[in-house]
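Inspection log for the structure reproduced underneath, given as structure tokens.
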Amino acid sequence: MQEGIRLKEMLNSACQCSLVSRVVIFGGTHGNEMSGVALAKHWLKEPSELQRKTFVAEPCLANPLAVEKCVRYVDSDLNRCFSEEILRSPESESDPYEFIRARELYQKYGSGSCLYDFIFDLHNTTSHMGATLLRCSADDIMSLHLANYLQSSSGSQSMPCYNYLIDIPKKDNVYLQNIGKHSLCLELGPQPQGVTRADVLSRMRELVNCGLDFIDLFNQGKEFPSFETDIYRVLSRVDYPRDSDGEISAIVHSGLQDKDYVPLKPGHPIFTTMNGEDLLYDGETVVYPTFINEAAYYEKKVAFISTEKVHLKVPALKLETGAEHNGTLQ
């Protein structure tokens, strides 16, 4: 309920945000999620596509060693390395590679006067998540408006946009997007690890460019009206059934596979054992499963992530008074 309460308090007046002049687009946070890797590499060589009237976005290959090896990570999941504890701890020769890289990225894009105004973090998933617009802060009205703009301006029946929230207090946020002032993570799938699909890459490219257009319009003083929307807010992470040795004893049921964002009702099957026994969802309310059977989450002991569908009223957004852009690039 926290997000609804906080947004309700702001509905009486437009939310004012400052000029967005520094934007970074991360690809390769996970080295085998190839859409973001391919786009970041391309834009590093040919960045003109990222130029707008009021800013130029900077591409960055977040985890170059993992990209080189075409693995999710080398020592530790980079997208879980942005905790205050890791970022502020003294460096050590025994530090995992991703701890070192997280501190480098934080110093360049998220620390003090280096703080970037907007972060795009590009990811792929093996799950049937379509184009998921993932946010980690309920209070980031700018990213909510940008997500709404993407949903309304870049429609795709084959890969629709879903607004997704992991509502984490900033002090507990371990994700890369946490280091920016505003942020949005794009999770597109299904796409196998280590594979580049043309349709998924094209959709991701379209969404990034549309997002940059939104920021450019905002910087030029366009006011975005209030709106209502549905979001999927994380409730819990559901593990696979396991035996006494901790081994997985059942797999995702065929009736649940590829049913991301489809309502799951009490009594519906979610797992099936090797002996053919169906295991049923024993919750009391309808939930919306996401990241179903995600390959990267086996090691995290997550079969799917349960969400609830929440309807929001979002206040209008406008540029902070006196912050108008002067028409020249910074």
Side-chain angles (χ1 to χ4, degrees), residues 30 32-36 70-73 77 79 122-134 151 155-166 185-204 207 230-310:
H30 294 133
N32 58 3
E33 297 179 3
M34 301 306 293
S35 297
C70 196
V71 294
R72 182 175 173 86
Y73 56 83
D77 190 334
N79 209 30
L122 310 184
H123 289 261
N124 291 118
T125 170
T126 62
S127 301
H128 210 281
M129 293 286 285
T132 291
L133 314 175
L134 191 154
Q151 287 178 304
S156 170
Q157 292 183 348
S158 61
M159 198 173 294
C161 291
Y162 300 95
N163 200 329
Y164 197 91
L165 175 66
I166 311 173
C185 171
L186 305 184
E187 280 273 7
L188 271 66
Q191 177 169 282
Q193 296 175 343
V195 172
T196 308
R197 285 182 50 141
D199 56 342
V200 177
L201 185 146
S202 177
R203 181 67 167 140
M204 181 176 283
L207 290 170
D230 291 326
I231 68 164
Y232 295 86
R233 182 167 56 193
V234 168
L235 292 172
S236 63
R237 290 159 176 79
V238 179
D239 191 7
Y240 295 89
R242 297 180 183 272
D243 61 22
S244 58
D245 295 322
E247 297 293 328
I248 292 175
S249 60
I251 60 176
V252 170
H253 194 278
S254 60
L256 181 63
Q257 183 65 52
D258 298 333
K259 297 298 192 299
D260 300 86
Y261 295 112
V262 176
L264 175 62
K265 299 177 181 179
H268 282 200
I270 53 176
F271 298 109
T272 185
T273 69
M274 296 300 288
N275 294 325
E277 178 189 359
D278 288 347
L279 305 180
L280 309 182
Y281 168 53
D282 60 1
E284 297 179 352
T285 60
V286 172
V287 295
Y288 297 81
T290 59
F291 289 101
I292 298 170
N293 212 10
E294 162 61 46
Y297 288 175
Y298 273 73
E299 68 174 42
K300 301 181 187 301
K301 297 185 176 182
V302 175
F304 63 89
I305 297 177
S306 176
T307 71
E308 62 178 341
K309 194 174 184 179
V310 180

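Judged by distance alone, with hydrogens and angles left aside, the side-chain atoms of Arg203 form a donor-acceptor pair with the main-chain N or O of Met159 at under 3.5 Å. For Asp243 (side chain) and Asp245 (main-chain N/O), a donor-acceptor pair under 3.5 Å exists by modelled atom type. In this structure, Asp260 contributes its side chain and His128 its backbone to a donor-acceptor pair below 3.5 Å. Side chain of Ser202 to backbone of Asp199: no donor-acceptor contact under 3.5 angstrom is found. Between the side chain of Asn124 and the backbone N or O of Leu188, at least one donor-acceptor pair lies under 3.5 Å. The main-chain N or O of Val287 is never found under 3.5 Å from a side-chain atom of Ser306 such that the two would form a donor-acceptor pair. With hydrogens and angles disregarded, a donor-acceptor distance shorter than 3.5 Å links the side chain of Gln191 to the backbone of Arg197. Asp77 places a side-chain N or O within donor-acceptor distance of the main-chain N or O of Asn79, the cut-off being under 3.5 Å. In this structure a side-chain-to-backbone donor-acceptor pair under 3.5 Å is present from His253 to Gly255.
Residues that satisfy the side-chain hydrogen bond (donor to acceptor under 3.5 Å, both in side chains) test with Ser127, not counting sequence neighbours, are absent from this structure. Partners of Tyr73 under the side-chain hydrogen bond (donor to acceptor under 3.5 Å, both in side chains) rule, at least two apart in sequence or in another chain, are Glu299.
Interatomic distance, CG of Asn163 versus CD of Gln151, reported as 5.5 Å (0.5 Å rounding). The distance from the CZ atom of Arg237 to the NZ atom of Lys301 is 15.5 Å, given to the nearest 0.5 Å. Taken from CZ in Arg72 to CG in Asn32, the straight-line distance is 7.5 Å, to the nearest 0.5 Å. For the atom pair Met129 CE and Tyr232 OH, the distance stands at 10.0 Å (nearest 0.5 Å). Expressed to the nearest 0.5 Å, how far CE of Met274 lies from CD1 of Ile248 amounts to 12.0 Å.
Taking every heavy atom of both residues into account, Ile270 and Leu256 meet most closely at O-CD2, 3.7 Å. Closest approach of Pro241 to Ala250, counting heavy atoms only: CG-CB, 3.7 Å.
For the pair Leu122 and Met204, the minimum side-chain heavy-atom distance is below 4.5 Å. In this structure, the side chains of Thr307 and Arg233 stay at 4.5 Å or more apart for every pair of heavy atoms.
Here the two rings, on Tyr261 and Tyr162, have centers that are under 6.0 Å apart.
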(Q) Show, in sequence, the C-alpha distance, side-chain angles and deciding distance for Leu134 and Ile166, and conclude whether the side-chain contact (heavy atoms from CB on, under 4.5 Å) test is met. (A) CA-CA 8 Å; Leu134 191 154; Ile166 311 173; 4.0 Å; yes

(Q) Run Glu187 and His123 through side-chain contact (heavy atoms from CB on, under 4.5 Å) and show every step you take. (A) CA-CA 5 Å; Glu187 280 273 7; His123 289 261; 3.5 Å; yes

Q.
Using the rule given for side-chain contact (heavy atoms from CB on, under 4.5 Å), can you reason through Thr132 versus Leu186, listing the C-alpha separation, both sets of side-chain angles and the distance that settles it, and then say yes or no?
A. CA-CA 6 Å; Thr132 291; Leu186 305 184; over 6 Å; no

Taking only distance into account, with no hydrogens and no angle test, what donor-acceptor pairs under 3.5 Å do side-chain atoms of residues 289-298 form with protein atoms, sequence neighbours excluded?
| residue | atom | partner | partner atom | Å |
| --- | --- | --- | --- | --- |
| Thr290 | OG1 | Tyr164 | OH | 2.8 |
| Thr290 | OG1 | Ile305 | O | 2.9 |
| Asn293 | OD1 | Tyr240 | OH | 2.8 |
| Asn293 | OD1 | Tyr298 | OH | 2.5 |
| Asn293 | ND2 | Gln257 | OE1 | 3.0 |
| Glu294 | OE1 | Thr125 | OG1 | 2.4 |
| Glu294 | OE1 | Thr126 | N | 2.9 |
| Glu294 | OE1 | Thr126 | OG1 | 3.3 |
| Glu294 | OE2 | Ala296 | N | 2.9 |
| Tyr298 | OH | Tyr240 | OH | 3.4 |

